[in-house]
Amino acid sequence: MRVFLKTEDEIELMRQACWLVSRTLGELARHIKPGVTTLQLDRLADEFIRDNGAVPVFKGYPNPFGKPFPASICTSVNDVVVHGIPNEETVLKDGDVISVDCGAQLNGFNGDSCYTFRVGEIAPEVRQLLAVTKAALQSAIDCACAGKNLGDIGAAVQELCAKYNYGVVRELTGHGIGRDMHEDPQVPNYGEWGSGIMLKSGMCLAIEPMVTLGDRSVYMLPDRWTVKTRDRKPAAHFEHTVAVRNGRAEVLSSFEEIEQIEANR
């Protein structure tokens, strides 16, 4: 394992990349409604990122099977946990939820964030799933400070979600981030308090709880990207990029614009 500590100048560059990712998700929030296709969202994101001088880093990103991702964002609807591929056939409808995962590289550094959006009115139990998953992300961020252990982040997610009998996906993790989109260390969403490496100021992590309404079991489609719940119950996914600091983590990405748009609805 090779963990890179970032300088203040490098964290500033990451902050700029993350801010662009956050603005991209905010732009998409204005368009997420019944009747919109996931391919339309992908085209909007691609154009917005490039117009702001950055590169949509997901596009062409290879997976362990050597298959490049064909789009600029991941659009995961309902029982798709992560890595849903935008397409013309998937049309959003009232009651859906869609997780949009977005990454951009700007000035040599990467930003990464994900938000699970409501499409129209959703079922109360799904609304609660989203709220708890978002709260689990915050609980994890609260543990991402110097002197804590990596396992504390996952333990915080697991402990909160267990109170609601939600499944916490284990096959996929958060990750370090910097000049590369995926760096060491991996950041699981489960674990034991006090376990794992000690966190140090200057580490940058993408923390991303992936939580299911039912069982945590998942499977991959033949496209070698799309991951779905086995019981076909919906999933939620929220992600922030953070810089580990003394005392309290600094969140480099933001949900503020998204939340303002959702509140106005």
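Atom set for the values below is all heavy atoms of this structure, side chains included, hydrogens, waters and symmetry mates excluded.
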Inset, instruction - In sequence, state the C-alpha distance, the side-chain angles, and the governing distance for I122 and V97, and then conclude on side chain to side chain contact (heavy atoms under 4.5 Å, CB included). - result: CA-CA 8 Å; I122 64 173; V97 291; 4.1 Å; yes
Taking every non-hydrogen atom, the tightest pair across [X] and [Y]:
X: L20; Y: F48; result: CD1-CE2, 3.9 Å
X: A54; Y: A104; result: CB-CB, 4.4 Å
X: G194; Y: D152; result: N-OD1, 2.6 Å
X: V126; Y: P234; result: CG2-CG, 3.9 Å
X: F255; Y: L137; result: CE1-CD2, 3.9 Å
X: D101; Y: H237; result: OD2-CE1, 3.6 Å

Is there side-chain contact between [X] and [Y], with at least one heavy-atom pair below 4.5 Å?
X: V55; Y: I49; result: no
X: M220; Y: E171; result: no
X: E208; Y: C114; result: no
X: Y190; Y: V157; result: no
X: L106; Y: M14; result: no
X: Y61; Y: H182; result: yes
X: M1; Y: I197; result: yes
X: S217; Y: T212; result: no

Count the heavy atoms of every other residue, nucleotide or ligand shown that sit under 6.0 Å from [atom1] of [X], and state whether that count exceeds 12.
X: R30; atom1: CZ; result: yes
X: E47; atom1: CD; result: no
X: E192; atom1: CD; result: no
X: Q186; atom1: CD; result: no

Just how far is it from atom [atom1] of [X] to atom [atom2] of [Y], taken to the nearest 0.5 Å?
X: E256; Y: I261; atom1: CD; atom2: CD1; answer: 11.0 Å
X: L213; Y: L130; atom1: CG; atom2: CG; answer: 10.0 Å
X: Y166; Y: D215; atom1: OH; atom2: CG; answer: 14.5 Å
X: C143; Y: I207; atom1: SG; atom2: CD1; answer: 8.5 Å
X: L252; Y: W19; atom1: CG; atom2: CH2; answer: 12.0 Å
X: E183; Y: L205; atom1: CD; atom2: CG; answer: 10.0 Å

Donor-acceptor contact below 3.5 Å, side chain [X] vs main chain [Y]:
X: S99; Y: Y115; result: no
X: T241; Y: S253; result: no
X: D231; Y: K233; result: yes
X: S72; Y: D46; result: no
X: D42; Y: T38; result: no

Legend entry - Distance-only polar pair, side chains of Q138 and D142, donor-acceptor under 3.5 Å: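 D142 and Q138 do have a side-chain donor-acceptor pair below 3.5 Å.
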Legend entry - Working for salt bridge (Lys or Arg N to Asp or Glu O under 4.0 Å), residues K134 and E259: CA-CA 12 Å; K134 198 175 180 184; E259 290 169 344; 2.6 Å; yes
Legend entry - side chain to side chain contact (heavy atoms under 4.5 Å, CB included) partners of V100, counting only residues at least two apart: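 Partners of V100 under the side chain to side chain contact (heavy atoms under 4.5 Å, CB included) test: L25, L28, I32, I73, I98, F117.
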Inset, instruction - Evaluate the ring planes of F58 and F69, with Trp represented by its six-membered ring, and classify them as parallel (under 30°), tilted (30 to 60°) or perpendicular (over 60°). - result: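 Because their plane-to-plane angle is over 60°, the rings of F58 and F69 count as perpendicular.
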One thing to verify: whether [Y] and [X] come together as a salt bridge, which I'm taking to mean a side-chain N less than 4.0 angstrom from a carboxylate O.
X: K228; Y: D79; value: yes
X: R245; Y: E8; value: yes
X: D94; Y: K33; value: no
X: E12; Y: K6; value: no

Legend entry - I85 vs D223, side chain to side chain contact (heavy atoms under 4.5 Å, CB included): CA-CA, chis, key distance, verdict: CA-CA 9 Å; I85 299 173; D223 63 21; 3.7 Å; yes
Inset, instruction - Tell me who clusters with L39, hydrophobic residues only, linked when side chains sit under 4.5 Å apart either directly or through other members. - result: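 Hydrophobic cluster check, L39: no partners found.
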Inset, instruction - Start with the C-alpha gap between H175 and D112, add the side-chain angles, then the distance that decides, and say whether side-chain hydrogen bond (donor to acceptor under 3.5 Å, both in side chains) holds. - result: CA-CA 10 Å; H175 50 91; D112 192 8; 3.1 Å; yes
Inset, instruction - Apply side chain to side chain contact (heavy atoms under 4.5 Å, CB included) to the pair V82 and C74, showing each step before the final yes or no. - result: CA-CA 7 Å; V82 288; C74 300; over 6 Å; no
Legend entry - Within one Ile-Leu-Val-Met-Phe-Trp-Tyr cluster: I153 and V244, side-chain cutoff 4.5 Å: yes
Inset, instruction - Could you give me the CA-CA distance, side-chain angles and deciding distance for M210 and V227, then say whether side chain to side chain contact (heavy atoms under 4.5 Å, CB included) is met? - result: CA-CA 11 Å; M210 290 158 270; V227 177; over 6 Å; no
